[in-house]
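This report refers to the structure that appears directly beneath it.
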Amino acid sequence: MIHLLPEPKRLIQGEGKSAAFDSILLEGGVDIHLEIAALRLWNYPDIAVHRDQQRPRSLCLALNQELDDPDYLNEPLFLSQGYQLQVEQNRATLRFASRAGYINGMTTL
């Protein structure tokens, strides 16, 4: 069982795990997303957040500012605070519609 904070409304747990990484490469988003990610990971000083595609051992985090789960798109709480996070071996995708959703997704990651 996975224990996550904030607690997800729905969790689909896959079989695999991400590869080891020591930094997060942000793809997409704007500069404020980079700043928020660095602030959110203040207690993980060994994990850098950057946009340098040449840096080795990076987990690529693709940002998408649109939620697409049809089961929850009519729920105001999901739209204002929710996120969708899909983690694969060398890549993760974080979907969100609001700043709170982005912060919640970074907290889970």
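None of these values were measured; they are calculated from a predicted model.
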Nearest atoms (heavy-atom pairs only) where Leu67 meets Gly82: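 So the two residues come closest at CD2-O, 4.1 Å.
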Verdict with supporting geometry, Val49 and Arg40, side-chain contact (heavy atoms from CB on, under 4.5 Å): CA-CA 10 Å; Val49 182; Arg40 182 60 202 102; over 6 Å; no
Reported [atom1]-to-[atom2] distance for the pair [X] and [Y], which is rounded to 0.5 angstrom:
{"X": "Leu39", "Y": "Met106", "atom1": "CG", "atom2": "CE", "result": "10.5 Å"}
{"X": "Arg99", "Y": "Asn104", "atom1": "CZ", "atom2": "CG", "result": "12.5 Å"}
{"X": "Gln84", "Y": "Glu66", "atom1": "CD", "atom2": "CD", "result": "9.5 Å"}

Linking I/L/V/M/F/W/Y whenever any side-chain heavy atoms sit under 4.5 Å apart, do [X] and [Y] land together?
{"X": "Leu25", "Y": "Leu41", "answer": "no"}
{"X": "Leu34", "Y": "Ile32", "answer": "yes"}
{"X": "Tyr72", "Y": "Tyr102", "answer": "no"}
{"X": "Tyr44", "Y": "Phe21", "answer": "yes"}
{"X": "Ile47", "Y": "Leu94", "answer": "yes"}

Mark yes or no for whether Arg51, through its side chain, and Gly28, through its backbone, hold a donor-acceptor pair below 3.5 Å.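 Such a contact is found between Arg51 side chain and Gly28 backbone.
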Side-chain donor-acceptor pairs under 3.5 Å in residues 54-63, sequence neighbours left out?
{"residue": "Ser58", "atom": "OG", "partner": "Ser23", "partner atom": "OG", "Å": "2.6"}
{"residue": "Ser58", "atom": "OG", "partner": "His50", "partner atom": "NE2", "Å": "3.1"}
{"residue": "Ser58", "atom": "OG", "partner": "Arg55", "partner atom": "O", "Å": "3.2"}

Asn74 atom CG, neighbour heavy-atom count above 12 within 6.0 Å: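 For Asn74, atom CG is not crowded (no more than 12 foreign heavy atoms under 6.0 Å).
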So for atom CG, which belongs to Asp71, do other residues, nucleotides or ligands contribute more than 12 heavy atoms lying within a distance under 6.0 Å?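 Yes - once you tally the heavy atoms of other residues, nucleotides and ligands closer than 6.0 Å, there are more than 12.
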Test of understanding: with salt bridge (Lys or Arg N to Asp or Glu O under 4.0 Å), list the residues that count as partners of Arg95, not counting sequence neighbours.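 Partners of Arg95 by the salt bridge (Lys or Arg N to Asp or Glu O under 4.0 Å) criterion, ordered by chain and then number, come out as Asp68.
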Would you please name every residue forming a side chain to side chain contact (heavy atoms under 4.5 Å, CB included) with Ser98, sequence neighbours left out?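 Ser98 satisfies side chain to side chain contact (heavy atoms under 4.5 Å, CB included) with Ala100 once adjacent residues are dropped.
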